[in-house]
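Heads up, the thing below is written out as C-alpha cells.
Residue numbers begin at 1 in each chain, while the letters A, B, ... track the order of the sequences.
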Amino acid sequence: MSDNITESTVPKNFIAAIIEKDNETGKYDGRVATRFPPEPNGYLHIGHAKSICLNFGLAKGFGGTCNLRFDDTNPSKEEVEYVDSIKEDVHWLGFDWDDRLFYSSDYFDQLYAFAVQLIKDGKAYVDSLSAEEIREYRGTLTEPGKDSPYRTRSIEENLDLFERMKNGEFADGEHLLRAKIDMASPNVIMRDPALYRIRKVDHHRTGDKWCIYPMYDFTHCVSDSLEKITHSVCTLEFENNRPLYDWVLENLGIYRPQQIEFARLNLTYTVMSKRRLIQLVEEGHVSGWDDPRMSTISGMRRRGYPAAAIRNFCERIGVAKATNMVDFALLEFSVREELNAHSPRYMGVINPLKVVIENYPDDKTEEFEFQNNPEDPEAGTRMVPFSKILYIERDDFMEDAPKKFFRLAPGREVRLRYAYYIKCTDVIKDENGEVIGTALYL
RNA sequence: AGGGACAUCGUUCAAUUGGCAGGACAGCGGAUUCUGGUUCCGUCAAUCAAGGUUCGAGUCCUUGUGUCCCUGCCA
C-alpha cells in the first residue's frame with residue numbers, strides 16, 4: 001500500500017445523505033455495506049478511482065464495510081491479469097477489502113438454483129428464437145415488442161431444457177433463459193430480459209465447469225443480495241436497469257439492497273472508455289496499460305501521481321447525477337499540491353553549460369547543506385559539493401537577455417541556491433560562435 | 001403520441017429543505033519568496049426559459065427548452 005488514509009470523515013454528497021436518512025429510520029439497522037464491483041476485463045482508470053473512493057469512503061465514513069467483488073460473468077473478455085492489476089490498484093489507492101474479496105463466479109451454483117426457482121414459479125422460460133429474431137421481437141423504443149412463441153412453454157419443458165443447456169447439449173445461441181416480464185413495457189430493459197446464455201468457453205476461475213453463464217442483470221442484484229449489501233452504488237447508465245434489479249430480487253423473495261446511481265467521471269482531454277483504452281494497448285499506440293500517458297490508475301502511478309492526490313481529486317470533484325466534464329487542471333492541481341508538500345527536491349542538469357568560477361581556488365571543494373523539501377523540515381537535508389567548475393542548465397543562461405529574464409546573462413548577478421552569488425563577466429564560444437561556457441566571478 | 005434521468009459562476013460541487021446563492025479549480029490583479037515553485041491578499045463570475053403560489057422561490061406548481069441513458073445472448 002502506498003500510504004495510509006488517516007482521516008475518515010463522513011462524506012458529504014447526496015448518497016451519504018440517503019445513508020444518513022436510512023440510518024435514522026433504521027432501514028438497515030444502521031448497517032452500511034457497499035461494494036466495488038469491477039469486471040476484470042481491463043485495467044482500472046481514473047473513473048474507477050471515483051467509484052472506489054466513493055464506495056470505500058462511504059463505508060469508512062459510516063463505520064461500515066466495502067467489498068471488492070469481481071463481476072466475472074463474461075468469460076470471453078476476462079483474465080486473471082486484470083483481476084491481479086485491479087487488486088493492486090485498489091490497494092495502492094489506499095483502500096482495503098480485508099477478507100471481503102468475492103467473485104460473482106463464487107455464486108454460479110446459487111445463481112443456477114435461483115434460475116431454476118424462477119422457472120418453477122413460471123417467471124422464466126427458455127427461448128429458442130435466434131438472436132436476430134429476439135431483436136425483432138423486442139420492438140423498438142417507440143413500439144412495443146411481441147411475445148416469443150416459446151414464451152408459453154410448460155414449466156417441465158423449461159426445466160428440462162435449462163438443465164440440458166447446463167449439460168452442454170446445445171450450441172452457443174441455440175437457447176436462452178429469459179425472465180417472463182412484459183414484452184410491451186415502455187422500459188425496453190424489462191421486455192423479457194436474458195438471464196442465462198450458452199457460452200462454451202473456459203472461465204478464468206471455473207474453467208470448463210460451466211457452459212452457461214448468468215447475465216449481469218441477474219447476477220449483480222443477486223450478488224449484492226447474498227453479500228447483504230445495503231447501498232448498491234453504480235453509475236447512471238444503470239438507471240434503466242434498476243426496475244429489473246428490484247424485480248429479480250422481489251420475485252426470488254430474497255434480501256433487497258437499494259441501487260443508487262451517480263454520474264460517472266468525464267475528464268477533459270482524457271480517453272476513458274475501456275474500449276478505447278484496450279484499443280490503445282492492443283494496437284501498440286502505448287507501451288502498455290501502465291503507460292504514463294494512459295488514464296489508468298497504473299499509468300498515473302507510473303507517471304508519479306501520488307495516491308493521495310487522486311483521492312483528494314475524487315474528494316474535490318464531488319458526486320452528483322448531472323452529466324459532467326471535469327477540468328484536467330483540477331487533477332493536476334491535486335497532484336502538484338501533494339507533490340509540493342511531500343516530494344524531496346533534487347537537481348538535475350539536462351542540457352549542461354559549463355561555468356568556471358575564475359576566482360575560486362582550483363583544488364578547493366566545499367559542501368553546502370541543501371534542504372530536501374523547504375515545505376517540510378522533517379524531510380531533512382543533504383550535502384552538495386561546490387567547486388571551481390560547475391554546470392548549469394543552458395536555459396538558465398541567455399547571452400542577449402530581455403529585462404524580464406531573471407537568470408544568468410552577461411553582466412548579471414544571480415544567486416546559486418544555498419551557495420554563492422555569481423556574476424557573469426565573460427562568455428566563451430567555440431569556432432562557430434556557439435556558447436561553450438561562461439566565466440564567472442564570485 | 002416510447003420510457004427514465006438531469007439542468008446553479010468558464011468547470012465542478014454546495015445552499016441549514018421556502019429566508020442575504022457559498023467553496024474549490026481555472027482566469028485576472030497585487031504582496032512575500034535563496035525554487036519563475038509555494039504561500040498570502042484582492043478580484044471577475046451563475047440559479048435553462050416563461051408563467052403561477054408566497055411577505056419571500058435555486059428550492060413548491062404549470063408549461064416549455066436543452067442535454068444524457070435505454071432497442072447486447074456486454075457490464
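The ring of A:F370 has its center closer than 6.0 angstrom to the ring center of A:Y418. For A:F162 and A:Y196, the distance between ring centers is under 6.0 angstrom. The ring of A:Y420 has its center closer than 6.0 angstrom to the ring center of A:F368. Here A:Y245 and A:F218 keep their ring centres 6.0 angstrom or further from each other.
A heavy atom lying under 4.0 Å from RNA chain B marks the following residues of residues 371-384 of chain A, by number: A:P374, A:E375. Taking a 4.0 Å limit (strictly below) on heavy-atom distances, residues 338-352 of chain A reaches RNA chain B at A:N340, A:R345. Non-hydrogen atoms lying under 4.0 Å from RNA chain B are contributed by nothing in residues 387-396 of chain A.
A:R35 and A:H220 share a side-chain donor-acceptor pair at under 3.5 Å. Between the side chains of A:H175 and A:D127, no donor N or O sits under 3.5 Å from an acceptor N or O. With hydrogens and angles left out, the side-chain atoms of A:N67 and A:R100 include a donor and acceptor closer than 3.5 Å. In this structure, a donor-acceptor pair under 3.5 Å is present between the side chains of A:N74 and A:S76. A donor-acceptor contact closer than 3.5 angstrom is absent between the side chains of A:N312 and A:S334.
Toward the 5' end of RNA chain B, the nearer of the two residues A:E337 and A:A329, judged by each one's closest nucleotide, is A:A329. Positionally, the nearest nucleotide of RNA chain B for A:A17 lies more toward the 5' end than for the other of A:A17 and A:F405.
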Take A:K87 and A:L68 through the side-chain contact (heavy atoms from CB on, under 4.5 Å) test and state the conclusion after the steps. CA-CA 8 Å; A:K87 286 195 273 191; A:L68 173 61; 4.0 Å; yes
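Taking a cutoff of 4.0 Å between a charged side-chain nitrogen and a carboxylate oxygen, A:R164 and A:E169 qualify as a salt bridge. Between A:R407 and A:D396 there is a salt bridge, since at least one side-chain N of the basic residue sits less than 4.0 Å from a carboxylate O of the acidic one.
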Output one line per pair: protein atom, nucleotide atom from nucleotides 7-11 of chain B, and distance, for all N/O pairs under 3.5 Å.
unit_1	atom_1	unit_2	atom_2	d
B:U11	O3'	A:M325	O	3.3
B:U11	O2'	A:M325	O	3.0

Return the polar atom pairs (N/O with N/O) between nucleotides 40-47 of chain B and the protein under 3.5 Å, or none.
none

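Here the separation of B:C61 from B:C74, taken at their C1' atoms, is 42 Å to the nearest Å. The gap from the C1' atom of B:G23 to that of B:C9 amounts to 12 Å, rounded to the nearest Å. Annotation: B:C28 and B:C44 have their C1' atoms spaced 7 Å apart (nearest Å). Comparing B:C6 with B:U12, their C1' atoms are spaced 15 Å from each other, to the whole Å. Only the P atoms considered, B:A5 is 28 Å distant from B:A57, to the nearest whole Å. B:A24 sits 36 Å from B:U62 when the C1' atoms are compared, rounded to a whole Å. The same atom, P, is picked in B:G4 and in B:U38; the two are 49 Å apart, to the nearest Å. Annotation: B:U59 and B:A21 have their C1' atoms spaced 11 Å apart (nearest Å).
Rounding to whole angstrom units, CZ of residue A:R264 and P of B:U12 are separated by 16 Å. Across the protein-nucleic acid pair, A:E315 atom CD and B:A14 atom P stand 12 Å apart, rounded to whole Å. Atom pair A:E20:CD and B:U16:P shows a separation of 14 Å (rounding to whole Å applied). At whole-Å resolution of the value, CZ in A:R417 and C1' in B:U38 are 10 Å apart. Atom C1' of nucleotide B:U38 and atom CZ of A:F333 are separated by 11 Å, given to the nearest angstrom. Atom CG of A:L408 and atom P of B:G36 are 13 Å apart (whole Å). In this structure, A:I260 places its CD1 atom 13 Å from P of B:C6, rounding to the nearest Å. For the pair A:N266 CG and B:U67 P, the interatomic distance rounds to 17 Å; values are reported in whole Å.
The salt bridge (charged side-chain N to carboxylate O under 4.0 Å, His left out) pairs that include a residue from residues 336-348 of chain A are A:R316-A:E337, where partners are two or more places apart or lie in different chains. Among pairs with a residue in residues 225-234 of chain A, those fulfilling salt bridge (charged side-chain N to carboxylate O under 4.0 Å, His left out) read A:R69-A:E227, at least two apart in sequence or across chains. Applying the salt bridge (charged side-chain N to carboxylate O under 4.0 Å, His left out) rule to pairs touching residues 144-154 of chain A yields A:D147-A:R151, A:R151-A:D192, A:R153-A:E157, sequence neighbours excluded.
A pairwise comparison of heavy atoms in A:L129 and A:S148 identifies CD2-OG, 3.4 Å as the closest pair.
With its glycosidic angle more than 90° from 0, B:G37 is assigned anti. Syn is the classification of B:U17, since its glycosidic angle stays within 90° of 0.
Ring pair A:F56/A:F36 is tilted by interplanar angle, where 30° to 60° counts as tilted.
Residue A:R336 is classed as a sugar-phosphate contact, given heavy-atom separations below 4.0 Å to backbone atoms only. Across all strands, A:K404 comes closer than 4.0 Å to base atoms (heavy-atom distances).
The backbone N or O of A:Y103 lies less than 3.5 Å from a partner atom in the side chain of A:D106, making a donor-acceptor pair. Between the A:K388 side chain and the A:I357 main chain, a donor and an acceptor come within less than 3.5 Å of each other. Panel note: side chain A:D182, backbone A:R191; no donor-acceptor pair is recorded below 3.5 Å.
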Pair pattern of RNA chain B in dot-bracket, where unpaired bases get dots and | marks partners in another strand, Watson-Crick or G-U under 3.5 angstrom: .((((((..((((.....[..)))).(((((.......)))))....(((((..]....))))))))))).....
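Contacts of A:E88 classified as salt bridge (charged side-chain N to carboxylate O under 4.0 Å, His left out), with partners at least two apart in sequence or in another chain: A:R301. For A:E237, the salt bridge (charged side-chain N to carboxylate O under 4.0 Å, His left out) partners at least two apart in sequence or on another chain are A:R264.
Both cation-pi conditions hold for A:K166 and A:Y112: the charged atom is under 6.0 angstrom from the six-membered ring centre and inside a 45 degree cone around its axis.
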What does nucleotides 68-75 of chain B look like as a protein-contact string, B for base, S for sugar-phosphate only, - for none, at under 4.0 angstrom between heavy atoms? -BBBSBSB
